[in-house]
There are 2 protein chains.
Amino acid sequence: MQKSTKRIATMHKMQVTGLEMFYKNGYYSTSVDDILKELNLSKGAFYYHFKSKEEFFISILQSLVVKKVYSMLIEPIEGHDNPIDLITNCLEDALQTAEHNEYDYGFVLQNFITEFNGSNPEIMKYLNDTLKIWEVNLVSTLQRGKFNGYVDRHIDCEGVASYIISSFLGIRTLMVEGSATALRYRYMQQIRFYLRAMANKQTA
Amino acid sequence: MQKSTKRIATMHKMQVTGLEMFYKNGYYSTSVDDILKELNLSKGAFYYHFKSKEEFFISILQSLVVKKVYSMLIEPIEGHDNPIDLITNCLEDALQTAEHNEYDYGFVLQNFITEFNGSNPEIMKYLNDTLKIWEVNLVSTLQRGKFNGYVDRHIDCEGVASYIISSFLGIRTLMVEGSATALRYRYMQQIRFYLRAMANKQTA
DNA sequence: GATAAAACAGACTAATGGGTTTGGTTTTTT
DNA sequence: AAAAAACCAAACCCATTAGTCTGTTTTATC
């Protein structure tokens, strides 16, 4: 009983290539035809599977982006180890991924937020919700860190979380054109410095 | 001899409205007709003054954006006062401007960098150059701060500068949808905390 | 106030892109 | 083998958009 297995495979292929091209060239600058040419598929194929370009894009957000945000930005910082180390390593990994021309999904979000802001409220909702998921998980990781004695009790977890996200999104913007390796190195030094100051001074 | 006074006035009006709409809806999502309708002007007028949409946009970068980056982000941090205070106040001002739905020009740059990255190298060059101007000036402000005894000698000025820019660009992304006031408040607390640690501990 | 140049209006063109339709082929089920 | 479901190709439709062309109005100059 694999009646929909091919359907799913085809849709998935379209979504993967779609995300790649939307991310690289922007949503509005990437035509459906562009994606189909890349895949040697036809318009008929596309509109058999998806109602519209917009619905197609939303399906990408739901089935690819959200999952990747979880696996790259959220799961690595779960658990009861020192959140400061967890977060530092997670950011380092994400930036290294970015450096090798793959996409780290925090920046994917930022790109699309910039593009759709003001022009498409429905898509913006999905994007903001996903970003919010990251933020919420950062906050609770920090709070858990307080509870477990790793993080200073006086720290404003919400403030730190949005500051981490901000700096990360920003450095990724700079990396698109600047010398990525040098920027990553410097950024990691600064964020380490910043996060180290959050540590609980009582406990080792 | 005011043969070009009207010409300049009209061009300027087009540029101001153009920047506003490009910034709000994106370059590719804003048609020349959209801008002209807003101004009650015609195609003939537009192409009388500008060779193309792209040239029009570049003229906006040159005549509006660069100047504003200077007056909002560079001039305020010049001088020989404590650069940590200068930078803090400058960022605060920029974020307050942003909160009142006007545009702070750091974010204008970021928006366009995101939009044109990968699709238009010529425009990217202008945008990156402008961002670079900001960065270079931040670095030299910090170095001057070292010289004048305000900033710790061990600080990596390049690292701090790109970290400041990063966090600023990032927080602006978050502000587009989140509660701007709360984000600004938190951000300023964090950046103050971060910058205070740069201060020279010897001198008061 | 005639004339020339500058500034502007608006219909038109060509190309692009989202989406539809038609007309098929392959795969699965019975 | 026959019917139905899943899948695919490409011509076609319609709205939009950057850019052109031809003319008209405004403005400066003598």
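Reckoned from all heavy atoms, side chains included, excluding hydrogens, waters and symmetry mates. Quick note on labels: first sequence line is chain A, next is B, and so on, each numbered from 1.
Contacts classified as side chain to side chain donor-acceptor pair (under 3.5 Å) and involving residues 180-190 of chain A (residues at least two apart or in different chains) are given here: Glu92(A)-Arg184(A), Glu99(A)-Thr181(A), Glu99(A)-Arg184(A), Ser167(A)-Tyr187(A), Gln190(A)-Tyr194(B). The salt bridge (Lys or Arg N to Asp or Glu O under 4.0 Å) analysis of residues 151-160 of chain B, with sequence neighbours excluded, yields no pairs. Applying the ring pair (Phe, Tyr, Trp, His ring centres under 6.0 Å) test to residues at least two apart or on different chains, the pairs with a partner in residues 120-144 of chain A are Trp134(A)-Phe168(A). Counting only residues at least two apart or on different chains, the side chain to side chain donor-acceptor pair (under 3.5 Å) pairs with a member in residues 75-88 of chain B are His80(B)-Asn148(B).
Listed by chain and residue number, nothing satisfies the ring-ring contact (aromatic ring centres under 6.0 Å, His included) test with Phe107(A) (two or more places apart in sequence, or in another chain). Partners of Cys90(B) under the side chain to side chain contact (heavy atoms under 4.5 Å, CB included) rule, at least two apart in sequence or in another chain, are Leu73(B), Pro76(B), Ile77(B). Residues forming a salt bridge (charged side-chain N to carboxylate O under 4.0 Å, His left out) with Glu135(B) (at least two apart in sequence, or on another chain): Lys132(B). In terms of the side chain to side chain donor-acceptor pair (under 3.5 Å) criterion, His12(A) has no residue partners (sequence neighbours excluded).
Of the charged side-chain nitrogens involved, none lies within less than 4.0 Å of a carboxylate oxygen, so that Asp33(B) and Lys37(B) do not count as a salt-bridged pair.
Using a distance-only test at 3.5 Å, with no hydrogens or angles considered, a donor-acceptor pair links the side chain of Glu115(B) to the main chain of Tyr28(B). No donor-acceptor pair closer than 3.5 Å links the side chain of Asn120(B) to the backbone N or O of Phe116(B).
Between the P atom of dT17(D) and the OH atom of Tyr47(B) lies a distance of 12 Å, rounded to the nearest Å. In this structure, the CE atom of Met11(A) is 13 Å from the C1' atom of dA6(D), given to the nearest Å.
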Restricting to nitrogen or oxygen on both sides, can you table the protein-nucleotides 24-27 of chain D pairs closer than 3.5 Å?
none

For nucleotides 10-14 of chain C, print each protein N/O atom paired with a nucleotide N/O atom at under 3.5 Å, atom names and distance only.
unit_1: dG10(C); atom_1: O6; unit_2: Gly44(B); atom_2: N; d: 3.1

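Taking only side-chain nitrogens and oxygens, Thr10(B) never comes nearer than 4.0 Å to OP1 or OP2 of dA7(C).
Classification of the Tyr163(B)-Tyr163(A) ring pair by plane angle, with boundaries at 30° and 60°, yields perpendicular.
Proximity of Thr30(B) to Phe57(B): side-chain heavy atoms (C-beta onward) are nowhere separated by under 4.5 Å.
Using a 4.0 Å cutoff on non-hydrogen atoms, the parts of residues 29-41 of chain A near DNA chain C are Thr30(A), Ser31(A), Val32(A), ordered by number. A heavy-atom distance below 4.0 Å to DNA chain C is reached by these residues of residues 48-64 of chain B, ordered by number: Tyr48(B), His49(B).
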